[in-house]
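A short worksheet on the structure shown next.
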Amino acid sequence: MPDYDDYLARIYEVLKPFTKQGLLLNEDSELVTELGLTSLQVMELIEQIEDYFDICVPLNILPDIRTVRDLAEQLEKLDA
Amino acid sequence: MSLFDKFQPLIDIRAELEALGVMPFGAVTEKLLSATEGIVNGHRVILAGTNNYLGLTFEPECIAAARQALEEQGTGTTGSRMANGTFADHLRLEQELAAFFDRRHAIVFSTGYAATMGMSSTLAGPGDVIVMDADSHASLYDGVRLSGADIIRFRHNDPDDLAKRLRRLGERTENCLIITEGMFSMLGDQAPLAEIAAVKREYGGMLLVDEAHSLGMLGEHGRGVAERDGVEKDVDFVVGTFSKSLGAIGGYCVSNHPQLEAVRFATRSYIFTASPSPSVIASTRAALRILQRRPELRERLWDNARRLYDGLKALGFQLSPEPSPVVAVTIEDRHQAIAWWNELLQHGAYVNLVMPPASPGDYALLRCSVSAAHTPDQIDHILAAFERLPG
């Protein structure tokens with residue numbers, strides 16, 4: 001079963017296309033305000049993660065996600 | 001920081017439109033000349049954005065029925081269906097809807113929004129799962145958010161993606177509600193309901209289909225996409241509206257599940273609002289009779305739809321994937337979409353301007369809806385207005 005670090009590594013991977021030059025991703029990177037993702041792009045990003053881990057991620061977690069860390073933590077919680 | 005900060009993007013768009021002298025959102029219909037012509041924002045136009053698919057809003061039989069109900073039962077019910085707001089005609093309409101859809105049970109709601117939002121917020125609850133088409137109507141999104149169920153989207157009109165998500169849910173599909181639409185409101189594309197029904201049969205769950213834009217359009221009796229595709233038995237709940245092909249306002253849910261009668265008393269959008277006015281119920285009942293008695297309306301609607309679709313395609317516009325009574329022209333630059341919407345109005349055609357997030361994707365739409373009441377000349381007039389747009 002994937003753990004926090006597995007999810008984090010994957011999030012960094014799928015966020016690569018959204019990372020502006022010179023900007024380093026870290027766990028505190030904010031998806032919308034910092035990386036400029038739209039809500040639709042956040043959902044597409046989650047779809048990629050769902051397919052990679054073959055899991056279902058309910059939209060209900062979205063209001064609790066602001067940063068990369070929030071997302072990794074929420075994904076880890078789904079397994080619990 | 002203020003409560004209003006989050007509205008700034010809307011304030012900016014409104015200011016931009018005002019500076020251009022264009023007001024596409026909330027355009028004022030100053031006078032109606034018929035079901036298909038009117039004066040909008042000061043321009044005499046062919047109405048090509050009203051969802052008046054069968055053109056029944058001025059049907060004498062509907063108006064006479066509404067007038068009689070108004071005189072005999074008054075202007076409003078002044079109460080909830082659960083209190084004083086259930087009149088005999090509400091029950092008659094429910095019986096007639098059940099008979100029309102060949103289902104055992106029906107609920108009438110005060111609006112289509114109340115029907116779709118109400119059913120999608122009530123059927124599944126905490127601990128259950130909802131798997132919905134990503135392009136579902138806002139009322140369905142609003143409903144599922146209220147439900148407390150886990151919400152999972154599947155890719156628009158993609159039965160394989162639905163299957164993948166249901167497989168991942170495992171045993172949770174026993175408590176799963178699948179939601180999609182018959183015909184989608186913005187592009188007029190239809191759900192592959194035969195394939196979706198097959199996925200449901202394989203993995204389980206219940207299926208709710210919103211046929212708001214397909215009632216009276218498709219299927220031998222005009223019951224929608226599920227009838228046309230021969231999968232009505234697989235659809236547990238059909239929801240829809242009276243405000244399009246039936247030319248009134250209100251909504252419905254029909255089902256063979258006897259539990260629908262209990263769901264009725266758990267659905268807050270049914271309970272905590274006044275029931276539809278008698279005149280609305282009367283004109284809806286008359287329109288439902290006409291829909292069944294005059295299948296030629298459906299043929300005329302599709303003739304008009306194909307005429308507009310083929311004409312716009314020949315003019316080189318980027319259109320929705322298939323001909324349908326909803327014909328949407330896709331425009332990537334929203335400034336061009338706003339300018340074109342205004343030009344069309346000045347050239348005598350009213351269509352809907354749709355911008356993200358109401359449109360699927362990042363582009364804007366000039367959304368036309370066709371009516372059985374349009375004459376071929378009126379369709380040609382709409383085409384001529386598009387032809388005059390600057391390239």
Side-chain angles (χ1 to χ4, degrees), chain A residues 1-4 6-11 13-20 28 30-80, chain B residues 1 5-6 8-9 120-121 124-136 138 140-156 158 160-173 175-179 203 205 334 355-363:
Chain A
M1 190 174 283
D3 61 14
Y4 178 87
D6 297 323
Y7 288 124
L8 192 63
R10 196 64 212 164
I11 294 166
E13 190 62 33
V14 295
L15 275 177
K16 265 186 192 162
F18 298 99
T19 315
K20 294 179 194 95
D28 292 320
E30 297 198 3
L31 299 176
V32 175
T33 52
E34 199 174 328
L35 300 176
L37 270 69
T38 64
S39 56
L40 200 65
Q41 286 170 327
V42 173
M43 287 196 262
E44 284 167 3
L45 182 143
I46 288 177
E47 273 180 18
Q48 290 181 45
I49 293 169
E50 285 180 305
D51 285 346
Y52 184 83
F53 292 106
D54 200 24
I55 53 171
C56 273
V57 179
L59 295 187
N60 315 50
I61 68 167
L62 285 180
D64 296 323
I65 295 170
R66 206 164 49 92
T67 63
V68 167
R69 180 186 291 107
D70 294 337
L71 179 54
E73 283 177 356
Q74 289 294 328
L75 292 170
E76 196 182 23
K77 267 193 212 164
L78 291 176
D79 293 332
Chain B
M1 281 289 280
D5 285 354
K6 57 184 166 294
Q8 199 55 47
S120 58
S121 64
D128 301 328
V129 192
I130 291 171
V131 184
M132 68 193 298
D133 186 286
D135 284 4
S136 292
L140 293 164
Y141 270 103
D142 289 353
V144 301
R145 273 198 203 106
L146 283 173
S147 72
D150 286 345
I151 307 154
I152 289 160
R153 304 188 324 159
F154 66 94
R155 290 197 179 100
H156 176 55
D158 187 340
D160 292 337
D161 196 56
L162 170 65
K164 186 169 69 181
R165 284 158 202 287
L166 292 176
R167 175 182 57 74
R168 286 173 185 162
L169 285 172
E171 287 178 2
R172 291 194 75 195
T173 54
N175 291 44
C176 173
L177 178 67
I178 304 161
I179 296 179
Y203 291 95
R334 73 184 174 99
M355 312 254 269
S359 58
D362 291 331
Y363 43 81

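Proteins get letters first, then strands, A, B, ... in listed order; numbering begins at 1 in each. None of these values were measured; they are calculated from a predicted model.
- Ion pairing between B:Lys164 and A:Glu50 fails under the 4.0 Å rule for side-chain N and carboxylate O.
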Practice problem: For salt bridge (Lys or Arg N to Asp or Glu O under 4.0 Å), just list the numbers for A:Asp51 and B:Arg168, CA-CA rounded to whole Å, side-chain angles, deciding distance to a tenth of an Å, and then say yes or no. | Solution: CA-CA 10 Å; A:Asp51 285 346; B:Arg168 286 173 185 162; 2.8 Å; yes
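- Residue contact with chain A, scored on non-hydrogen atoms closer than 4.5 Å, involves the side chain of B:Arg167 exclusively.
- For a residue to count as touching a neighbouring chain, one of its non-hydrogen atoms must lie under 4.5 Å from one of that chain's; by this rule B:Arg172 does not touch chain A.
- Checking each of B:Leu169, B:Asp161, B:Ile151, B:Ile179 against B:Val131 for a side chain to side chain contact (heavy atoms under 4.5 Å, CB included) leaves exactly one that passes, namely B:Leu169.
- Sequence neighbours left out, the pairs with a member in residues 57-66 of chain A that pass side-chain hydrogen bond (donor to acceptor under 3.5 Å, both in side chains) are A:Glu30-A:Arg66.
- With a threshold of 4.5 angstrom between heavy atoms, B:Tyr141 approaches chain A through side-chain atoms but not through N, CA, C or O.
- For B:Ala134, no part lies near chain A; criterion is any non-hydrogen pair under 4.5 Å.
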